[in-house]
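These notes concern the structure reproduced below.
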There are 2 protein chains.
Amino acid sequence: MKNPSRAVAPRPGALNLGRLGEFVGFRLRRVQNQLSKDFASATADRGLRAGLFSSLSLIAANPGLSQNELSREIGLDKSVTVAIVDELERSGWAVRERSETDRRRHALHATAAGEAYLEELFGILEQTENAVLHQLSPAELLLLSELLDRMYAAALHEDS
Amino acid sequence: MKNPSRAVAPRPGALNLGRLGEFVGFRLRRVQNQLSKDFASATADRGLRAGLFSSLSLIAANPGLSQNELSREIGLDKSVTVAIVDELERSGWAVRERSETDRRRHALHATAAGEAYLEELFGILEQTENAVLHQLSPAELLLLSELLDRMYAAALHEDS
DNA sequence: AATAACAGTTGACTAAATCCACCATATTGG
DNA sequence: CCAATATGGTGGATTTAGTCAACTGTTATT
């Protein structure tokens, strides 16, 4: 096949992607943009600051997490993390506790309210994703996840 | 398999993703973030405004394109497109020409210099991607593109 | 001819992200 | 033990990205 961008027929009236269509990064960005826009508009009512959702989720899954570790995982600057945790605390979804062993660190913990809030958000996310993912068979979905994981692992090794 | 997030063993010291790991959107974002950061740092020397590269590429692939059509395709506001085309023109990579048939429209065209610049950028992008994609077999790569296209098509139908 | 729709432009505004300097605590090496 | 250095966290300044609303000129509708 000469042009992989033709794997799926372009809808009529659509633009020619040119060489851009040969790159996975482009398709990745396209899909991801659309997905995050859908999620954003589905959660527009609650003021959901960028990165807040994934941060809370990571805190819940890793009790005692430090803000630095959190920063690294979500790929944002430390100062942004401060703002995020500030808001998580103000909303009562998480708390900072001074670490006993290292008094520089803030050990982060999700509250019960935070966990409940998370459940709600996960429900919405699941709905948004399903609207797109029902196109894929369970096997394809599993494969997709695996491919993405292998790519991510490779990407991390790159800039070591 | 109970937890698809375990398709690839997590590297030691890595955080527990929790329920977040069940969602493709998360993996998508992760990989995409990393890729675009790599590309950004590889092109840091040339001041490469966001969206400029893909815009130029689309113009080159669709001579006579209007700014509105371009806006829709890259998913940005019309006003952003104006700024992008401004810079493309200032740098001599593209030109605006009044459409003969509809004098409201600006027919966009890439210059020879623009095409040359594109070649350069595509080369860099290819390099950045290869660093990650060499993990995947050609068959897997093709499949990945196809899955992403199906997802994108579905996402577009959603908010019609 | 009046009105509405559309392409493009501008400027104001909001939010996201990076950068840098700084404080408190820990760790290391002499 | 002390000095130097590294680390976790915070605040503020600045840059940048993205959204919105108003306005101009052109075309389409009736």
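The chains referred to below are lettered A, B, ... by the order of the sequence lines, with proteins before strands, and numbering in each begins at 1. Here the structure is a predicted model, which means the values were calculated and not measured.
Look at NZ on B:Lys78: it is 13 Å from P on D:dA22, rounded to the nearest Å. Following rounding to the nearest Å, A:Arg90 (CZ) and D:dT10 (P) show an atom-to-atom distance of 13 Å. Spacing between atom CD1 of B:Ile74 and atom P of D:dT19 amounts to 11 Å, rounded to whole angstrom units.
Using a 4.0 Å heavy-atom cutoff across all strands shown, A:Thr81 reaches no nucleic acid atom at all.
The side chain of A:Asn68 lies closest to D:dG9 when the candidates are D:dG11, D:dC20, D:dG9. Checking D:dA17, C:dT10, D:dG9 against the side-chain heavy atoms of B:Asp86 singles out C:dT10 as nearest. Comparing C:dG8, D:dG12, D:dG9 against the side chain of A:Ser66 picks out D:dG9 as the nearest. For B:Arg49, taking side-chain heavy atoms from C-beta onward, the closest of the listed nucleotides C:dT18, D:dA17, C:dT10 is D:dA17.
Summarising the local packing, CD of B:Gln127 is surrounded by 12 or fewer heavy atoms from other residues, nucleotides or ligands at distances under 6.0 Å.
Using a 4.0 Å cut-off, some side-chain N or O of A:Arg96 falls inside it from OP1 or OP2 of D:dT10.
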Interface polar pairs with nucleotides 25-27 of chain C, N/O, under 3.5 angstrom:
residue	atom	partner	partner atom	Å
C:dA26	OP1	A:Arg103	N	2.7
C:dA26	O4'	A:Arg104	NE	3.4
C:dA26	O4'	A:Arg104	NH1	3.4
C:dA26	O4'	A:Arg104	NH2	3.4

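Counted by atom type alone, B:Ser66 and B:Asn68 present zero donor-acceptor pairs between their side chains at under 3.5 Å.
Taking A:Phe39 as the reference, A:Phe53 meet the ring-ring contact (aromatic ring centres under 6.0 Å, His included) condition, with sequence neighbours excluded.
Where B:Lys37 and B:Gln67 meet DNA chain C, the nucleotide closest to each residue was compared, and B:Gln67 sits on the side nearer the 5' end.
To the nearest 0.5 Å, atom CZ of residue B:Arg29 and atom CD1 of residue A:Ile74 are 8.5 Å apart. Taking CD from B:Glu140 and CG from B:Leu133, the interatomic distance works out to 11.0 Å, rounded to the nearest 0.5 Å.
Salt-bridge annotation for A:Arg105 and A:Glu100: absent, with no side-chain N of the basic residue lying under 4.0 Å from a carboxylate O of the acidic one.
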